[in-house]
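The block underneath contains the structure these notes are about, expressed in structure tokens.
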Amino acid sequence: MRVLRLAATAILATGCISTGDTHTIQTLNFDFNVVREGWVAGAADYAESQAAAVGAFGAVQLLPAPLVTTQNALYLRGTNVGGDLFLFQKRRFTGLGSLVTYTVSMQVEFATSYQAGCTTGPGTLTYLKAGLSDVEPLTATDGQGVVRMLVDKGAGAAAGDFLQLGDIRNTLSGCAAPGTFGLHKSGLKVQPTTLTTDVDGGFWVFIGTQSSFAGQHEIYITGMKIVLE
């Protein structure tokens, strides 16, 4: 692990991180108006035979009103029809030091219409999960026909090898139906496993939702902050 001075790092639209050898504590701030391209959406923890009913969808989309409707965000939507559902987006980045090991911390800002006063529904039963991985977060269908992640993102509220950043309720009071879209920012948490970059200084970022709510949920990821030490 490098021991050099603190500096901010920019993320380019190409997926290459603009950094220099004098930097060791890298602070990566994701602006989805800049890094719109290259994200790949996926889903797991559902029976492959029910893929049509799940209707997993992910894209980069503009935020809904009353939020800033000119701002892009990572969008995820899907319906839990079998007890559990994990939705995610992922992307590879390069430009860090080659084969360097970092401690990872992450903070995520998101928008949903599930208000803080709700004690039932998708907001309380869906958790935000995220992480940095040296291998691509892939899915595969197991012997029971269930699509699974090949990285340990944890079951239910468990973090696995990565991060669980709280449920997906926003900070608006009350529990209106339908709710109003509002923002929420998680705390900055340390990933339980370290990250070692590949020979190109590359790594994978993924972010997603783990839901046990029987029905549809949706979320806009409006920002991410990653600190590498």
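Keep in mind that the numbers below use all heavy atoms, side chains included, and drop hydrogens, waters and symmetry copies.
- Taken from CG in L195 to OG in S133, the straight-line distance is 7.5 Å, to the nearest 0.5 Å.
- With contacts defined as side-chain heavy-atom distances shorter than 4.5 Å, the pair T126/N80 does not qualify.
- Proximity of a side-chain donor or acceptor of T139 to a complementary backbone N or O of A44 within less than 3.5 Å is not detected.
- One hydrophobic cluster holds both V205 and V100 under the rule that ILVMFWY side chains link at heavy-atom gaps under 4.5 Å.
- Using a 4.5 Å heavy-atom cutoff, the side chains of L132 and L228 are in contact.
- When ring centroids are compared, F93 and F30 come within the 6.0 Å threshold.
- Side-chain N or O atoms of S211 include one that pairs as donor or acceptor with a backbone N or O of F213 at under 3.5 Å.
- Judged purely by atom type and a 3.5 angstrom limit, N72 has no side-chain atom pairing as donor or acceptor with the backbone of L74.
- In terms of modelled atom types and a separation under 3.5 Å, the side chain of Q89 and the main chain of Y75 share a donor-acceptor contact.
- In this structure, the side chain of N33 does not engage the main chain of Q71 through any donor-acceptor pair within 3.5 Å.
- Between V151 and D161 the shortest side-chain heavy-atom distance does not fall below 4.5 Å.
- E48 CD: 12 or fewer foreign heavy atoms inside a 6.0 Å radius.
- Side-chain atoms of S98 come within 3.5 Å of backbone N or O of V199 as a donor-acceptor pair.
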Please step through side-chain contact (heavy atoms from CB on, under 4.5 Å) for the pair E218 and Y114, ending with a clear verdict. CA-CA 10 Å; E218 63 178 344; Y114 316 123; 4.0 Å; yes

Verdict with supporting geometry, R148 and D45, side-chain contact (heavy atoms from CB on, under 4.5 Å): CA-CA 5 Å; R148 302 290 189 191; D45 297 340; 3.5 Å; yes

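- Rounding to the nearest 0.5 Å places CD1 of I207 at 8.0 Å from CH2 of W39.
- When atom types are taken as modelled, the side chain of Q115 and the backbone of S173 share a donor-acceptor pair closer than 3.5 angstrom.
- Within the 4.5 Å cutoff, no side-chain heavy atoms of L125 are placed close to those of H217.
- Using cut-offs of 30° and 60° on the angle between ring planes, the pair F181 and Y220 is perpendicular.
- Atom-to-atom distance recorded for T196:OG1 and D198:CG is 10.5 Å, nearest 0.5 angstrom.
- Taking the centre and axis of the six-membered ring of F206, the NZ or CZ atom of K153 falls outside the cone set by 45° and 6.0 Å.
- Across V190 and S105, no two heavy atoms sit closer than the pair CG2-OG, 3.5 Å.
- Exactly one residue among L172, T112, L67 makes a side-chain contact (heavy atoms from CB on, under 4.5 Å) with L183. That residue is L67.
- Shown here for G160 and P192, the closest heavy-atom pair between the two residues is O-CG, 3.8 Å.
- By the 4.5 Å heavy-atom criterion applied to side chains, T79 and V54 are not counted as neighbours.
- A salt bridge links K90 with E136: the distance from a Lys NZ or Arg NE/NH1/NH2 to an Asp or Glu carboxylate oxygen falls below 4.0 Å.
- No donor-acceptor distance shorter than 3.5 angstrom exists from the side chain of K189 to the backbone of L163, with no hydrogens or angles considered.
- The cluster map of Ile, Leu, Val, Met, Phe, Trp and Tyr, joined by side-chain heavy atoms under 4.5 Å apart, puts V60 and L63 in different clusters.
- Linking Ile, Leu, Val, Met, Phe, Trp and Tyr residues whenever their side-chain heavy atoms come within less than 4.5 Å leaves L76 and W204 in two separate clusters.
- T119 places none of its side-chain heavy atoms less than 4.5 Å from the side chain of C175.
- Residues P137 and M149 have side chains in contact (heavy-atom distance under 4.5 Å, counting atoms from C-beta outward).
- Using modelled atom types and a 3.5 Å distance limit, the side chains of E229 and T103 yield no donor-acceptor pair.
- The distance from atom OG1 of T209 to atom CG of L85, rounded to the nearest 0.5 Å, is 6.5 Å.
- By the rule that hydrophobic residues join a cluster once side-chain heavy atoms approach within less than 4.5 Å of another member, F86 and V147 end up as members of separate clusters.
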Go through V35 and R91 one step at a time and tell me if the side-chain contact (heavy atoms from CB on, under 4.5 Å) criterion holds. CA-CA 10 Å; V35 283; R91 183 175 168 174; 3.6 Å; yes

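- V135 and V40 fall into different hydrophobic clusters, defined by Ile, Leu, Val, Met, Phe, Trp and Tyr side-chain heavy atoms under 4.5 Å apart, directly or through other members.
- For the atom pair K185 NZ and T222 OG1, the distance stands at 8.5 Å (nearest 0.5 Å).
- Between the side chain of R169 and the main chain of H184, no donor-acceptor pair closer than 3.5 Å is present.
- Here CD of Q210 is found 10.5 Å from OH of Y127. Values are rounded to the nearest 0.5 Å.
- Side-chain atoms of T197 come within 3.5 Å of backbone N or O of G97 as a donor-acceptor pair.
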Test side-chain contact (heavy atoms from CB on, under 4.5 Å) on I221 and V108; report intermediate values, then the result. CA-CA 7 Å; I221 309 301; V108 174; 3.9 Å; yes

